[in-house]
Asker: 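If you scroll down you'll find the structure; I have some questions about it.
We name chains A, B, ... by the order of the sequence lines, and we start the count at 1 in each one.
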Amino acid sequence: GAVVSQHPSWVICKSGTSVKIECRSLDFQATTMFWYRQFPKQSLMLMATSNEGSKATYEQGVEKDKFLINHASLTLSTLTVTSAHPEDSSFYICSAPSRRLGTDTQYFGPGTRLTVL
Amino acid sequence: GNSVTQMEGPVTLSEEAFLTINCTYTATGYPSLFWYVQYPGEGLQLLLKATKADDKGSNKGFEATYRKETTSFHLEKGSVQVSDSAVYFCALSGRGKETSGSRLTFGEGTQLTVNP
């Protein structure tokens, strides 16, 4: 089946540093990927839609200069948390739709847990 | 806009008990409906889906029927196991002008704990 990977699975960084998270579709191409943020015991909050070959679309209230998204190829999207602060600590999850099972079905990565000290 | 409302948790059951997690939705048009499961420390996995009214999605003993008249997609399982302990999310995707994949709207999630 379709697989989406994320790297790293967890990261701890100091306040003020930048962290890059990769999302890859392993056996299919994805012109669109989605980035979510999840706080403990809460639902997923859509942050932005990553579009291959064009700018990402950010949800209201999400700072585009804070969360940089680059859809480098048909199988890779990256989320960079710039100048991270403790309040950015969260579980970040990406997803991508697979056309093999219809465009309505999305496959999720395993998530990246970011802890900012 | 689209919205999904899930039964509040947490839900605690004994092994082999019957499970129902309620989910209702509000959407324009004809959305597809999904149940995703999230095990501790992991991302979401698709559990089942239904794309049109009266469709029944099923997987691993779980079932949910797309009820347009009641705008519901309740998740059921006849006999739960300890390994079913996880968080369950109901979601819908609208069919709009998106060219590749549709945005998902999630419910709040329901934590299920099954005790032996």
Asker: Is it true that V11(B) and V87(B) fall in one hydrophobic cluster, defined by side-chain heavy atoms closer than 4.5 Å?
Answerer: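 Result: no, two separate clusters.
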Asker: Do you know the tightest heavy-atom contact between L44(B) and F108(A)?
Answerer: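 Scanning both residues completely, I find the closest heavy atoms to be O-CB, 3.3 Å.
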Asker: Looking at every heavy atom in both F91(A) and E42(B), which two are closest together, and how far apart are they?
Answerer: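 Reported closest heavy-atom pair: CE2-O, 3.6 Å.
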Asker: Does any heavy atom of chain B fall under 4.5 Å from the side chain of E52(A), the backbone, both, or neither of them?
Answerer: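 Neither part.
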Asker: Looking only at non-hydrogen atoms, find the nearest pair between S43(A) and G107(B) and report the distance.
Answerer: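 What the structure gives for the nearest pair is OG-O, 2.6 Å.
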Asker: Under 4.5 Å from any heavy atom of chain B, what part of Q38(A) do you find: side chain, backbone, both or neither?
Answerer: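 Contact with chain B: side chain only.
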Asker: Do Y36(A) and L104(B) touch side chain to side chain, with heavy atoms closer than 4.5 Å?
Answerer: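 The answer is yes, as the side chains (C-beta and beyond) meet within the 4.5 Å cut-off.
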Asker: Hey, is NZ on K55(A) packed in by over 12 heavy atoms from elsewhere, all under 6.0 Å?
Answerer: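 Incorrect, the count does not exceed 12.
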Asker: Does atom NZ of K20(A) have more than 12 heavy-atom neighbours, drawn from other residues, nucleotides or ligands, at distances under 6.0 Å?
Answerer: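 Not more than 12 within 6.0 Å, no.
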Asker: Check the surroundings of atom NE2 in H7(A): do more than 12 heavy atoms from other residues, nucleotides or ligands lie under 6.0 Å from it?
Answerer: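 Check fails, neighbour count at 12 or below.
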Asker: Grouping I, L, V, M, F, W and Y whenever their side-chain heavy atoms are under 4.5 Å apart, do L75(B) and F106(B) come out in a common cluster?
Answerer: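 No: no chain of side-chain contacts under 4.5 Å links L75(B) to F106(B).
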Asker: I need the residue from Q111(B), Q45(B), Q38(B) with the largest number of non-hydrogen atom pairs under 4.5 Å to chain A.
Answerer: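 Sorted descending by pairs with chain A, the first entry is Q38(B).
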Asker: Minimum heavy-atom separation for Q42(A) to F89(B), with atom names?
Answerer: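 Where Q42(A) meets F89(B) most closely, the heavy atoms are O-CZ, 4.1 Å.
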Asker: Group every Ile, Leu, Val, Met, Phe, Trp and Tyr by side-chain heavy-atom contacts under 4.5 Å, then state whether F34(B) and F34(A) land in the same group.
Answerer: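 The answer is yes; both residues are in one hydrophobic cluster.
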